[in-house]
There are 2 protein chains.
Amino acid sequence: MKAEIIAVGSELLLGQIANTNAQFLSQQLAELGIDVYYHTVVGDNPVRLAQAIEIAQKRSNLLIFTGGLGPTKDDLTKETIAKMLNKKLVIDEEAWCSICDYFAKTKRTMTANNRKQALVLEGAYVLKNEHGMAPGMALTVGEMTYMLLPGPPKEMQPMFLKYGRPFLLQTLDVQEKIESLVLRFFHIGESQLEAEIEDFIDAQTNPTIAPLAADGEVTLRITAKHRVEEEAKKMIRELEKKILTRVGDYFYGYNGDTLFSKTLEKLKEKGKTIAIAESLTGGLFAEQLTAISGASAVVKGGVICYTNEIKENVLGVPKEILQTEGAVSKRCAQLLAENVRKLCRAHIGISFTGVAGPSELEGKPVGTVWIGIATEEETKTFPLTLAGNRDMIRMRTAKYGCYYLLQALK
Amino acid sequence: MKAEIIAVGSELLLGQIANTNAQFLSQQLAELGIDVYYHTVVGDNPVRLAQAIEIAQKRSNLLIFTGGLGPTKDDLTKETIAKMLNKKLVIDEEAWCSICDYFAKTKRTMTANNRKQALVLEGAYVLKNEHGMAPGMALTVGEMTYMLLPGPPKEMQPMFLKYGRPFLLQTLDVQEKIESLVLRFFHIGESQLEAEIEDFIDAQTNPTIAPLAADGEVTLRITAKHRVEEEAKKMIRELEKKILTRVGDYFYGYNGDTLFSKTLEKLKEKGKTIAIAESLTGGLFAEQLTAISGASAVVKGGVICYTNEIKENVLGVPKEILQTEGAVSKRCAQLLAENVRKLCRAHIGISFTGVAGPSELEGKPVGTVWIGIATEEETKTFPLTLAGNRDMIRMRTAKYGCYYLLQALK
């Protein structure tokens, strides 16, 4: 089963919106074990749409269309497919009734072209639209299956989940279960990670391993297929174990986990509260933690000590230390962590100080960073040398804060 | 000139990420007056990639690729194109030096595959990567132009703007000058804004007006074409003037301006410093301001008063107020703004308190927000009732903070 997702709409080609429909459907199809080999976007132009369909028919046998089912003249998806397949368009009475109901209810005036929305391909299985007017449809002709879905995600997504997905499962008699698991790593580059597990990547067939680097992190997506779900899961577990034997030191979580969510989770688990002193990061670390609901159980608060004045007056870093060693120093990071911990009466204090750029500071180059972590027992400091622009340095610093905290909480 | 954007990456076909690169490039090409007829997404598979390129060559004459320039084995874009065009891949010395620098600076270990990143198509114009390692490239062969850009948006976007766009303008000998200007609005909905200027939108030909709503803001992109640059600019200025006569109250900036950058700018202009007390927003407001370089001239710092304990002990909100009126109250917002101003010895204090959700707080529904702004002369408070999820409520609160500050600084 090879699928292609064809989005129809000039607004995509003009960059007015991103093709999030293709992302949603790709995730859904991956879960069903259907391989997606191509996404195509084509404008509201019947000739180019027909050409795109001809190409797709040669390389895929499941074509899923989004968009072009609306009432206006440039909505041409079903008309173009009808012509190519030599099928008639017929009124779907149920869809027509619900369109009439909608207009009656909202007291809006119906125009002639609204009837066009109730047209479906003759012989198609109609996918009800419970969040809009245009129905979707699915039709199998020989080896090919066509599924037409509306463009607005708010209509398309529930329609696919409630009607499209079951249609695919039944029609395509999907036998294999597909399972996947994302492993998340930090403090290791993509190329180093791959080098460490090169033999697994080279040998991959089932399960497959897909590495991805983003925002200073690397993920590995392991995907396994098997007729028995439990077997697919077992295959993944076994490969995961082998991978983590090699690079487990850099592993921090699964799937939707983030360094911040894991940090919050770990703090909760250990019953520890935290206070934050942010110079370099200016609130970013606290913001990321408190973006997660339930943060108030462990995040007491903190101080944004952006200027030396605040470091001195609010967090008690002596003036002479700021003058001799500077704000970007081991000693300053240490005192900020200790004093914010005391001020906020928390179990742990964490501090961030450094040079975000674009210019150097205190004679220290851009990317020089100190992180301090203070507990009742001891204070540790961590120097970093980070590359990248201002945003990247700030975000990586915050992520390293999580990384060192997670190590300290082990 | 017909363009096609080809994204290479299995992560797109698995739905792990959306193809936002295609959206960005489509907007950019639209501005340059280059028609985009197709977007294609293909996986990290050299056979299918070659087939997609063959199809694209028949229907387009500018192919822009994103992704597949990384160091790993499944990064195959330039290798596949080199093979198809019968071109060699050669080391770009400048790119190679900057990769070596990067590793030296960050003290990370280089692996053999990193050298692969410095390879470029023989004879190509190299597009420097100032935010990552893999360089981009552009090459014209006969009627066809190929441009290869990296996949991560943080690398791709600045590379295209600084090097890719000028290359296209020069190579394609674009005759008409295309000028565009984005007007940014806040505190007005898209439909209301459109209704106010409906006659301009209906009458548009040159300049065109494209409205877009995102993140609680609305923008209008005005684009004019003329052989003389100054004439195009004049056309834009005239339309801008007419639009702002109608909806100028909601206008806050141009192009890449943000509410945060405008706030920083205005504070600088007026010579005022600011201190921030963040409960609801947990550091977001300070983080957004300090993300902008030069923030230290006006942002003194602040307190993340996430718990009532910090509101009381660090910012001196009396316990009885927290108990009777609550943390989410006019009085609390007022005291937080006043006291953070004094604590940090700033000209202005601003505070944010409210209910981000998912649950209600102190019997107050999700979306209840108070913002306080204190100056030496007076303290003002602003109540808000915001819709949306936790992230949206926090971000909109921070943006309203800018909005009210900008009004206060007028």
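Proteins get letters first, then strands, A, B, ... in listed order; numbering begins at 1 in each.
Within 6.0 Å of the CZ atom in A:Arg59, the count of heavy atoms belonging to other residues, nucleotides or ligands exceeds 12.
With chain B as partner, the option from A:Lys311, A:Glu190, A:Glu4 having the largest number of non-hydrogen pairs under 4.5 angstrom is A:Glu190. Options B:Asn313, B:Asp391, B:Leu289 differ in how many heavy-atom pairs under 4.5 Å they form with chain A, and the most are formed by B:Asn313. Counting heavy-atom pairs closer than 4.5 Å to chain A, the top-ranked of the candidates B:Val36, B:Asp35, B:Asn308 is B:Val36.
Under the 4.5 Å side-chain criterion, counting only non-hydrogen atoms from C-beta, B:Tyr38 is in contact with A:Arg48. Within the 4.5 Å cutoff, the side chain of A:Leu386 has no heavy atoms near those of the B:Lys105 side chain. With contacts defined as side-chain heavy-atom distances shorter than 4.5 Å, the pair B:Leu14/A:Gln27 does not qualify. Counting heavy atoms from C-beta on, the side chains of A:Glu287 and B:Thr281 never come closer than 4.5 Å. Using a 4.5 Å heavy-atom threshold, the side chains of B:Gln23 and A:Leu12 count as separate. Side-chain contact between A:Val42 and B:Tyr37: absent, with no pair of heavy atoms (C-beta onward) separated by less than 4.5 Å.
With a 4.5 Å cut-off on non-hydrogen atoms, A:Ser279 does not touch chain B at all. In this structure, no portion of A:Asn45 lies under 4.5 Å from any heavy atom of chain B. Contact annotation for A:Ile292: only backbone heavy atoms (N, CA, C, O) come within less than 4.5 Å of a heavy atom of chain B. Interface remark: B:Glu278 contributes side-chain atoms only to the contact with chain A (heavy atom separation under 4.5 Å). For chain B, the nearby parts of A:Leu13 are the backbone and the side chain; heavy atoms of each come within less than 4.5 Å. Both the backbone and the side chain of B:Thr40 come within contact range of chain A, judged by heavy atoms closer than 4.5 Å. Residue B:Gln51 touches chain A through its side chain alone, counting heavy-atom pairs closer than 4.5 Å. Only the side chain of A:Glu198 comes within less than 4.5 Å of a heavy atom in chain B; its backbone stays farther off. Residue contact with chain B, scored on non-hydrogen atoms closer than 4.5 Å, involves the side chain of A:Ile55 exclusively. Contact of A:Ala195 with chain B is made through the side chain alone, with heavy-atom distances under 4.5 Å. Only the side chain of B:Val314 comes within contact range of chain A, with at least one heavy atom under 4.5 Å from a heavy atom of that chain. A:Ala275 does not touch chain B: none of its heavy atoms, backbone or side chain, sits under 4.5 Å away. Contacts of A:Ala286 with chain B are made by both backbone and side-chain atoms, with heavy-atom separations under 4.5 Å. Residue B:Thr111 touches chain A through its side chain alone, counting heavy-atom pairs closer than 4.5 Å.
Under a 4.0 Å N-O distance rule, the pair A:Glu194/B:Lys73 does not qualify as a salt bridge.
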